[in-house]
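Reviewing the structure listed below.
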Amino acid sequence: MGFHFLFFLICILNFHSFLATFSNDIPEKGKLETYIVHVEAPDTQIFTQSQDLKSWYNSFLPTITTSSSDNPRMIYSYNNVIKGFAARLSPDEVKEMKKKPGFISALPQNVLSLHTTHTPNFLGLNENRGFWKDSNYGKGVIIGVLDSGIFPDHPSFNDYGMPAPPAKWKGKCEFNDTSCNNKLIGAKNFSEEDSTPLDEDGHGTHTASTATGNFVKGANIFGNANGTAVGIAPLAHLAIYKVCSASCPESAILAAMDAAIDDGVDVLSISLGGPSSDFYSDSIALGAFSAMRKGIFVSCSAGNGGPYNYSILNEAPWILTVGASTIDRKITATAVLGNDESFDGESAFQPMDFASAFLPLVDARMLNSSDFDVQYCLPESLNKTNIRGKIVVCEVGGGIKRILKGQAVKDAGGIAMILVNNEQYGNTKFAEAHVVPAAHISYADGLKVKIYINSTLNPVAKILLKGTLIGDDRAPVVAAFSSRGPNFESPGIPKPDILGPGVNILAAWPVSVEKTTHTKSTFNMISGTSMSCPHLSGVAALLKSSHPNWSPAAIKSAIMTTADVVNIARKPIEDENFLPANVFATGSGHVNPSRANDPGLVYDIQPEDYVPYLCGLNYTNRQVGIIIQRRVNCLAESSIPDAQLNYPAFAITFTTLSNSQTYSRTVTNVGESKSYYNVEIVHPLGVDVRVEPTTLNFSKLNQKLMYRVTFKPLASAGNNTVVEGFLKWNSDRHSVRSPIAVILS
Ligand SMILES: *[C@@H]1O[C@H](CO)[C@@H](O)[C@H](O)[C@H]1NC(C)=O
Ligand SMILES: *[C@@H]1O[C@H](CO)[C@@H](O)[C@H](O)[C@H]1NC(C)=O
Ligand SMILES: *[C@@H]1O[C@H](CO)[C@@H](O)[C@H](O)[C@H]1NC(C)=O
Ligand SMILES: *[C@@H]1O[C@H](CO)[C@@H](O)[C@H](O)[C@H]1NC(C)=O
Ligand SMILES: *[C@@H]1O[C@H](CO)[C@@H](O)[C@H](O)[C@H]1NC(C)=O
Ligand SMILES: *[C@@H]1O[C@H](CO)[C@@H](O)[C@H](O)[C@H]1NC(C)=O
Ligand SMILES: *[C@@H]1O[C@H](CO)[C@@H](O)[C@H](O)[C@H]1NC(C)=O
Ligand SMILES: *[C@@H]1O[C@H](CO)[C@@H](O)[C@H](O)[C@H]1NC(C)=O
Ligand SMILES: *[C@@H]1O[C@H](CO)[C@@H](O)[C@H](O)[C@H]1NC(C)=O
Ligand SMILES: *[C@@H]1O[C@H](CO)[C@@H](O)[C@H](O)[C@H]1NC(C)=O
């Protein structure tokens with residue numbers, strides 16, 4: 001019967017590291033549950049109408065059911081994303097269905113959960129010039145966002161300067177007449193609990209405005225980060241598909257992607273994830289494949305399971321998998337100790353009237369030696385302790401929102417909080433809407449605070465609120481929570497693909513959910529790969545607008561081969577420990593939208609190219625058929641190792657020292673018609689890399705040339721390590737970089 005997994009919104013608003021929730025209750029005999037059913041049509045059967053398809057699907061359902069019309073068994077009948085449907089069934093009924101011809105599989109649905117403005121400037125997008133101007137701010141492109149809905153009356157969704165939606169648009173607005181406009185052109189509810197696509201969480205409003213929000217002056221949180229808020233593609237249209245309320249059921253996600261394909265979206269932005277699984281049983285991968293085949297670009301969050309290896313989600317090669325990193329803006333709150341040591345932290349709550357005087361300092365873990373949880377400042381855990389008038393040191397973690405820790409401190413009479421990271425979170429700090437003056441500091445700084453507390457009888461501290469500072473030249477730094485590769489499902493495809501801004505992102509927020517943020521502000525600052533994904537969805541919309549004929553794979557290649565691998569200080573991008581980040585944390589690097597607009601060469605992939613790739617993953621004919629929705633015979637078709645897919649990056653695994661591996665790649669000239677490229681190679685330590693030929697001489701636009709690359713481990717190669725390098729094609733105008741990750745096992 002399998003497990004039900006919780007799909008989640010990929011935001012780390014709630015917990016400092018998400019935990020996918022598993023519930024493994026086996027359905028009782030006779031109890032109805034939602035199943036995703038895959039079927040295949042006999043070759044003779046052709047469906048011209050979706051009605052025909054639906055009646056064929058209906059033929060799989062039990063004929064005698066006790067259900068009345070108000071409790072229908074068929075929930076969704078899918079046209080695009082899969083051949084199949086979602087229906088409420090009992091285990092016995094599924095057993096019966098298995099006997100019918102054309103039946104492939106029926107599995108209880110997974111339930112996914114959600115992952116969480118200055119950024120256009122940080123990404124080099126400026127008004128009236130450069131790429132924003134060249135791409136017309138994404139004018140005419142439609143971005144579909146699958147999330148928790150939208151707060152339509154927010155100023156970010158005003159339609160000032162917006163054209164009417166393009167003629168191809170077939171979607172609709174399930175709000176009343178006044179809520180949609182030329183910005184928000186569609187909104188549909190696929191959630192189980194709510195009747196309208198209204199956002200009662202905040203996550204969907206935030207991600208939608210990050211991708212496409214219009215210009216709003218004077219956006220801030222408690223006066224911090226004040227400025228003009230704007231999405232990455234401000235003239236793109238927005239279509240909302242509400243798939244999450246209390247949870248995000250898989251059947252709804254598939255139905256929303258099915259609808260988005262029919263409606264005519266150009267880009268899909270999905271800040272959601274479930275557990276990693278084979279692509280034929282991963283609903284986002286299935287829906288994204290069908291979308292890609294229709295020319296729709298799909299951008300997904302990488303997950304918030306970092307810093308652990310193999311924590312990456314949404315790892316199919318036809319998806320852009322987006323990790324998260326910091327920006328150069330800090331909202332600084334500094335903890336100053338009685339011994340004059342001071343540590344810069346962050347907090348969005350910076351009341352003007354807070355007098356920063358030295359106050360008694362106490363470490364929460366020392367308040368009650370018989371309560372392990374007191375260190376996390378859980379609600380009520382501080383009630384009987386004496387923290388009145390004090391500054392309290394609290395640890396991140398413990399399974400609650402960080403802002404609730406400040407609430408617990410306040411409730412027990414504390415004045416302020418120093419929030420310290422655990423070792424895994426390193427230097428990743430959040431500027432959040434706390435209810436007491438607070439400074440969220442790093443793990444290393446937290447240790448120094450605790451040493452100081454132990455060193456003196458009457459420890460004291462003060463918090464200095466310094467407001468918004470721009471210019472951290474260490475940025476972008478990979479966020480601790482950003483999920484890491486390698487790619488478990490397809491080791492030859494390195495993941496994540498790219499980094500985008502995902503820490504302390506200010507974007508639109510419904511005031512109606514004030515209770516979750518302690519702010520009446522219409523903007524909120526949150527973090528997660530949920531926040532980096534819509535940045536890349538916006539970039540893809542800009543590229544679609546400036547290059548309408550590029551395929552999803554070409555857009556993805558342009559984004560990846562032009563990414564930045566150094567930070568503002570021109571040093572290698574670092575991770576949460578301020579050590580050089582590896583390729584399984586950074587992917588190809590940090591997005592550079594203006595460079596992506598002019599990549600020179602692209603690595604293109606046609607939808608049919610995925611057939612030999614999927615056969616090479618050793619999926620059965622049927623499993624491949626579920627993904628590509630036709631009958632396949634892998635023995636008759638060619639089959640390739642996954643690293644042979646025409647991907648703009650390499651991941652190579654060596655299990656023995658002796659064998660070399662050779663792959664080919666085909667690049668398409670999208671730069672100047674006559675252009676000449678030389679290869680530049682930086683070898684991973686202990687691995688020889690040869691490219692043949694070493695020059696590429698193009699004479700016309702869209703010309704394709706092939707090269708071969710051979711990887712050979714040398715005797716000096718290490719054991720059980722990951723080494724990395726890159727290969728780059730340079731012309732006088734362009735450089736086209738592909739990272740190389742080699743796993744020596
Ligand atoms: C339309 O919806 C908005 C909120 O989205 C609400 O304020 C307004 O009262 C509704 N109007 C009608 C006529 O229902
Ligand atoms: C929309 O909301 C209602 C709850 O009022 C629900 O019954 C319905 O199934 C939802 N979804 C769709 C696709 O209509
Ligand atoms: C934000 O900036 C605008 C324009 O610079 C200014 O008018 C406004 O007062 C500022 N708001 C806050 C809260 O600082
Ligand atoms: C992940 O793998 C790298 C390379 O093998 C290793 O150095 C690192 O310690 C691993 N990280 C974790 C969190 O396991
Ligand atoms: C200390 O923790 C224990 C166990 O949770 C609890 O029973 C006790 O009341 C706490 N004492 C104080 C002073 O909070
Ligand atoms: C702790 O304090 C809060 C706020 O004063 C109060 O609402 C709550 O009931 C208290 N809980 C306990 C267990 O004393
Ligand atoms: C501080 O003292 C406490 C109690 O003696 C001890 O558990 C803790 O490890 C010490 N912390 C540091 C950082 O030295
Ligand atoms: C598929 O099977 C072949 C032959 O057994 C094997 O060499 C290859 O490593 C397998 N590929 C994957 C991705 O498991
Ligand atoms: C590239 O090819 C063109 C046409 O065949 C030739 O004229 C030119 O010399 C070549 N360039 C280089 C650098 O080999
Ligand atoms: C790797 O392991 C092999 C076999 O155990 C050994 O011969 C070789 O010296 C090791 N290489 C390195 C670089 O440690």
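Counting starts at 1 for both ligands and their atoms, in listed order. Being a predicted model, the structure only gives us computed values, none of them experimental. Computed from heavy atoms alone, side chains included, the values below leave out hydrogens, waters and symmetry copies.
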How close does the nearest protein non-hydrogen atom get to [atom], and which residue and atom is it?
{"atom": "atom 3 (C) of ligand 8", "answer": "Asn618 ND2, 3.6 Å"}
{"atom": "atom 12 (C) of ligand 3", "answer": "Asn226 ND2, 3.3 Å"}
{"atom": "atom 8 (C) of ligand 9", "answer": "Asn697 ND2, 3.7 Å"}
{"atom": "atom 13 (C) of ligand 9", "answer": "Tyr676 CE1, 3.2 Å"}

### Query
Given the protein's heavy atoms, is any one of them under 4.0 Å from atom 5 (O) of ligand 8?
no
### Query
Under 4.0 angstrom from atom 10 (C) of ligand 8, is there any protein heavy atom?
yes
### Query
Is a side-chain N or O of Gln629 found less than 3.5 angstrom from the main chain of Ser290, in a donor-acceptor match?
no
### Query
For the side chain of Lys495 and the backbone of Ala316, is there at least one donor-acceptor N/O pair under 3.5 Å apart?
yes
### Message
When you measure from the centre of the six-membered ring of Phe726, is the NZ or CZ of Arg737 closer than 6.0 Å and no more than 45° off the axis?
### Response
yes
#### Entry: Pair Tyr647-Trp318, ring-ring contact (aromatic ring centres under 6.0 Å, His included): steps then yes or no
CA-CA 10 Å; Tyr647 213 69; Trp318 49 86; over 10 Å; no
### Task
Take the angle between the ring planes of Phe711 and Tyr663 and call it parallel below 30°, perpendicular above 60°, tilted in between.
tilted
### Message
Could you check whether atom CG of Leu685 has more than 12 heavy atoms from other residues, nucleotides or ligands sitting under 6.0 Å from it?
### Response
no
### Task
Number the atoms of ligand 3 from 1 as they appear, then name those within less than 4.0 Å of a heavy atom of Asn220, with their elements.
13 (C)
